[in-house]
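Contents: one structure, followed by commentary.
Excluded from the calculations below are hydrogen atoms, water molecules and symmetry mates; all remaining heavy atoms, backbone and side chain alike, are included.
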Amino acid sequence: MSKFTQYLKTSSFRNTVIAAFVTVIILVGAAFFSLRYYTKHGEGLSVPQVKGLILTQAVKKLEDAGLKYEIDSVFIMDKPPGYVIDQDPDANTFVKDNRTVYLTINAGKIPDTNFPDVEFKNLREATAILESSRLKVGDTTYKADISKDVVLETSFGGQPIKTGDNIPVGSRINLVLGDGRGSEEVDIPQLTGLTIDEAKFSLKGSMLALGTVIYDGQITDSANAVIVAQNPMPVDSVSKVSIGTRINITLSNRPKVVIDPNNSMEQPKQNDPNNPNTPTPVKPLR
């Protein structure tokens, strides 16, 4: 132990320590300056502002600055085509020469999209579907229909358009919607020869109502009783009535009689107290 202590006090040990320290300093300095030279620390370029320029101008500006570039494209309806809409790195960023700058330009050609199915959709749902397909709602008009604010017809550029047709992105689609009221008048259905249940079904489909039911003679089989007369009748002079109009009918178990609507033959008088065969009116069925 004493020999080691004495060695630490010798000039040989001190020279060894000094030599090792100098060697470390030299190695660190050499590595630092070599790395600085290799990476060109403190040397570089400021990225120019090319966002908003047309592509040819942006490319020339980058090449003059000694920078490389790569180009990608997207389509934005409200931006002019062929212009740089984004760059990476941003302008005034300090970079090395030959650094690649990534440019995004607005595509020059408007892409197409398939027209979606909006028929019989309500206006709110149809609008959402069109917007998801990057289309816009154009003019909306209304026509008589019992469906309110439901898409009945679609058109583009004045021509009808159907599901699956290719149209440019951003196109405006004109819609024809139902007004919820339907036609002011509907055709009078022919009820003669039908049973009362069949007549109710027919009237409901025509948005009409069953009025007074008159029984002609004794009704022995109500399920098979047929309508032998109705008022109003569908004739040339009266073929339409307002929605909700009540249609009066006459039921009978007699064999079906074919009634010519164009025949102006006088109908038997009803409610004649002197006629024992006069049918008796009853209250409307509900």
Side-chain angles (χ1 to χ4, degrees), residues 117-123 125-126 141-155 160-163 175-286:
D117 182 11
V118 296
E119 190 175 9
F120 303 122
K121 303 288 193 304
N122 62 55
L123 179 58
E125 186 179 1
T141 56
Y142 287 85
K143 66 180 294 186
D145 192 86
I146 59 174
S147 302
K148 182 175 178 58
D149 288 334
V150 170
V151 177
L152 304 178
E153 301 172 15
T154 55
S155 63
I161 185 172
K162 61 182 183 298
T163 302
L175 306 178
V176 177
L177 309 173
D179 60 8
R181 295 180 299 174
S183 301
E184 298 296 331
E185 292 186 335
V186 294
D187 292 328
I188 302 173
Q190 177 63 261
L191 303 181
T192 55
L194 303 181
T195 65
I196 191 168
D197 289 336
E198 293 170 339
K200 289 178 181 178
F201 182 80
S202 178
L203 291 171
K204 183 177 181 181
S206 299
M207 292 179 288
L208 299 174
L210 181 63
T212 301
V213 178
I214 299 173
Y215 295 100
D216 182 11
Q218 184 177 1
I219 304 299
T220 58
D221 186 358
S222 59
N224 292 320
V226 297
I227 299 170
V228 294
Q230 69 179 81
N231 183 30
M233 285 282 294
V235 294
D236 291 340
S237 58
V238 181
S239 62
K240 293 181 179 292
V241 292
S242 300
I243 291 176
T245 298
R246 291 183 175 274
I247 307 297
N248 302 323
I249 61 173
T250 300
L251 279 177
S252 176
N253 277 138
R254 294 181 305 173
K256 178 181 176 182
V257 177
V258 178
I259 300 176
D260 184 359
N262 297 318
N263 189 345
S264 58
M265 183 185 305
E266 181 180 356
Q267 298 295 323
K269 293 183 179 179
Q270 298 177 356
N271 300 328
D272 185 356
N274 298 322
N275 185 355
N277 294 322
T278 298
T280 303
V282 298
K283 295 182 179 179
L285 295 181
R286 298 184 180 274

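Without hydrogens or angle criteria, T195 side chain to E198 main chain gives a donor-acceptor distance under 3.5 Å. Remark: side-chain polar atoms of T245 are paired, donor with acceptor, to backbone N or O of S242 under 3.5 angstrom. T154 places a side-chain N or O within 3.5 Å of a backbone atom of I161 that can act as its donor or acceptor partner. No donor-acceptor pair closer than 3.5 Å links the side chain of D216 to the backbone N or O of S252. A donor-acceptor pair under 3.5 Å is absent between the side-chain atoms of D149 and the main chain of L123, judged by distance alone.
Residues V241 and P232 share a closest heavy-atom pair of CG1-CG, 4.1 Å. A126 and V151 get closest at one heavy-atom pair: CB-CG2, 3.8 Å. Shortest non-hydrogen contact noted between A225 and N253 is CA-ND2, 3.5 Å. Taking both residues in full, the closest heavy atoms of S202 and L191 are given as OG-CD2, 3.9 Å, listed atom of the first, atom of the second, then distance.
Here the CG-NZ distance, from L175 to K121, works out to 12.5 Å after rounding to the nearest 0.5 Å. Here Y142 contributes atom OH and K148 contributes atom NZ; the two are 6.0 Å apart, rounded to the nearest 0.5 Å. Atoms OG1 and CG, on T163 and D117 in that order, are 4.0 Å from each other to the nearest 0.5 Å. Taking CG of L177 as the start and CG of D179 as the end, the distance is 10.0 Å to the nearest 0.5 Å. Here the straight-line distance linking atom CD of Q230 with atom CG of L210 works out to 11.0 Å at 0.5 Å rounding. Here L152 contributes atom CG and K143 contributes atom NZ; the two are 6.0 Å apart, rounded to the nearest 0.5 Å.
Of the charged side-chain nitrogens involved, none lies within less than 4.0 Å of a carboxylate oxygen, so that E119 and K162 do not count as a salt-bridged pair.
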* **Derivation and outcome, side chain to side chain donor-acceptor pair (under 3.5 Å), residues T192 and Q190** => CA-CA 6 Å; T192 55; Q190 177 63 261; 2.6 Å; yes
| said: Please determine whether side-chain contact (heavy atoms from CB on, under 4.5 Å) holds for the pair I247 and N231, giving the CA-CA distance in whole Å, both sets of side-chain angles, and the decisive distance to 0.1 Å. | reply: CA-CA 6 Å; I247 307 297; N231 183 30; over 6 Å; no
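Contact of the L208 side chain with the V186 side chain is registered, since non-hydrogen atoms from C-beta on lie closer than 4.5 Å. Considering only heavy atoms from C-beta on, P189 comes within 4.5 Å of L203 through its side chain. Side-chain contact check for L251 versus I196: some heavy-atom pair is nearer than 4.5 Å.
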